[in-house]
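We count ligands from 1, going down the list as the structure has it; atoms in each ligand are counted the same way. This chain uses plain numbering: 1 for the first residue, then up along the sequence.
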Amino acid sequence: MEEDKFKAKLPYRYNYWELIKKFCSTYLNPKRKVFFSVQVLHILAAGLILVPPLILRDIIDVAIPERDLGNIITLFLIALGAYFLEAGITAAKEYWGHVVAQEITRDMRNDLYIHYQDLNMRFHDNKKTGELMSRVIDDLNRMQEFVHHGPEALVGSLALLLGTVGLMIYLSPHLTMISLIFVPFLLIFSYVLLKRLHLSFRKIREKKAVMHDRLEDNLAGIKIIKAFANEELEKERFSATNEEHKEARIKAIKYLSILFPGSRFLNALGILVVIGYGGYMVILGQISAGTIVAFYGFLMQFRVPLLRLVNMMEGLSQFFASTERFFSHLELEPDIREKSRSTARQVMGHVEFQNVHFSYDEEEVLRDVSFQVAPQQTVALVGPSGAGKTSIIRLIPRLYDVDSGQVLIDGINVRDWKIRDLRNSIAMVMQDDFLFSNSVTENIAYGRPGAEQEEIIAAAKAANAHEFIEELPQGYDTQVGQRGLKLSGGQKQRISLARAFLKNPRILILDEATSSVDLKTEKLIQEAITRITSQRTTFIIAHRLSTITNAGMILFIDRGRVREMGSHEELMEKAGSYYEFYRMQFEKEKSVTKISQEVDWTG
Ligand SMILES: Nc1ncnc2c1ncn2[C@@H]1O[C@H](COP(=O)(O)OP(=O)(O)O)[C@@H](O)[C@H]1O
Ligand SMILES: [Mg+2]
């Protein structure tokens, strides 16, 4: 359902033929030499597998009656050669076939990854796209097997089946017809079971994903679960999913248990015909004894390639679905695009909004926002949460495009800037800033890749982060982020600040960047901010009054509009919304200050 809704927005829908053409021309073509060599090897290997039954026939029909030991040795050597070659060829084709498949899926993954990075924020904001992204990545993991085993089944198994039937007809058309009489049943039986098997496998995957999500949720929310004493409830919910997962698996096991013996039995019916009716034909002198032995050999190796071929049909439809999703994602156009005629420029730091209207979805989040900020000025954005402060500052580095009006940097519309120039001159520190699973040094250096260690330390000092970093187990080499040491909110924010300081941007944006810092640390950060804001345009979104009152200009934002604008004194004199807000905030802060004097809030 959700997927369909999303698909409706996709620029393209493909038919199978287009998909094959697209896949071959983009990804298979560069690897075509190895790929086609592997297909030839599939055919050669199939041919070699057909040799031993023929040799047995010759041994029985020719060499043994003539008591010709020399001939037996010759036939023995031929069989030996066939087996040996087949082993060698199979090893080579398995290896190279998988290598090609890995290389193809690596290329696809790279393209997709780069493309996801280019896509606009609106794409990434959408929760459903996160799921779809992991679907496509999942798809790629499964495709990797199919890219090798699909052609293997189609070319190798088909060659083996056709070769077998061809030789059987050559030996005895009559016996062939009668011994293959059960093949249609075998086909239907394996088709039905494999289809069901794939459905249960899909179900298993779904249940596994649900279980995984639930587990992740539970572990992330363990504090809340414990605080509300809901362990029992969670246990029940988990065990319900666990049970469904088990049921799905048991169903799959059931089909598997039937599939192999069942198909073996149906195949054995053909072999029984050879034994019974074939024996009768030998007595009648219609065929030789060696022919039944050869037929026996052929039929024994008939079932597996047949199952593979049927299985490939199922795999093929999944492959088409996966490639379609893949290409659809790859062809999503980022709606934030750079104009080709944009010329490189240096940002000076003048920022102007002219009658900006903006919305994420249908609802307008910013309404007619206009203001101007001179280079090196510090602006505080103040207002209730949900007012649109964060949305305003996101428009400055053009993370989103406005609906109407314009955002100008140095008098030039952001749409006319080179995106790289723009973003290289702007640093943002957000409330919930993200640290990569990497060392502290790497995380700070992200602000300016290639920075010297001294510069990194200087930035950390400016952000008042140096001291606590030194005290970490491995200092600047300590691994942090999701898979590293857990840092407190205040520590994370100071590392983010250091990252921004290192970037030394013309425009600095601090969005509640000091919100999870205790008063003492905030004072330290405040010093640091004053130190670096002097040479750049700074936007500060903060709730603390000291931060706000220091700003040269205050924008009071409410429900998407700029309600009041001016210096702290001017706005206080006006006794309007800002004045109200200030008073309420002031009452709150007085009590917080009192508490923080009693408790050590070192974050
Ligand atoms: N990525 C988003 N997608 C959709 N709506 C959003 C998104 N981010 C914020 N909003 C909505 O936009 C409005 C303004 O939010 P925001 O700019 O974050 O306010 P503030 O920073 O002042 O708290 C809110 O109603 C919020 O729900
Ligand atoms: Mg915000």
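- At the shortest separation from atom 5 (N) of ligand 1 among protein heavy atoms lies Y360 CD1, 3.2 Å.
- Between atom 23 (O) of ligand 1 and the options S359, G560, G386, the minimum heavy-atom separation is to G386.
- Among protein heavy atoms, atom 19 (O) of ligand 1 sits closest to G388 N, 3.2 Å.
- A salt bridge is absent between D410 and R345; no separation between the charged side-chain nitrogens and carboxylate oxygens falls under 4.0 Å.
- Every atom of ligand 1 with a heavy atom of V365 under 4.0 Å away is listed here by number and element: 12 (O), 13 (C), 14 (C).
- The shortest contact between atom 15 (O) of ligand 1 and any protein heavy atom is with S391 OG, 3.8 Å.
- Residue contacts with ligand 1, taken as heavy atom pairs separated by less than 4.0 Å, involve R394 solely via side-chain atoms from C-beta onward.
- Between R506 and T537, the side chains place no donor N or O within less than 3.5 Å of an acceptor N or O (distance only, hydrogens not considered).
- D125 OD2, 3.0 Å is the protein heavy atom nearest to atom 1 (N) of ligand 1.
- The six-membered or imidazole ring of F319 lies near that of F23, with a centre-to-centre distance under 6.0 Å.
- Coordination check, S391 versus the Mg ion (ligand 2): failed, since every N/O/S atom of the residue sits at 2.8 Å or beyond.
- Considering both main-chain and side-chain atoms, S385 never comes within under 3.5 Å of ligand 1 through any nitrogen or oxygen pair.
- One finds no salt bridge joining E206 and K203 here, because no Lys/Arg side-chain nitrogen approaches an Asp/Glu carboxylate oxygen to under 4.0 Å.
- Other residues, nucleotides and ligands place more than 12 heavy atoms under 6.0 Å from the CD atom of Q535.
- Sorted by first and then second residue, the ring pair (Phe, Tyr, Trp, His ring centres under 6.0 Å) pairs involving residues 548-576 (not counting sequence neighbours) are F556-F581, H568-Y578, H568-Y582.
- Under a 4.0 Å N-O distance rule, the pair D368/R561 does not qualify as a salt bridge.
- Atoms of ligand 1 found under 4.0 Å from any heavy atom of T390, numbered from 1 in the order shown, are 17 (O), 18 (O), 20 (P), 21 (O).
- Distance check on atom 26 (C) of ligand 1: every protein heavy atom falls at or beyond the 4.0 Å cut-off.
- Side chain to side chain, D111 and Y27 meet the donor-acceptor criterion of an N or O pair below 3.5 Å.
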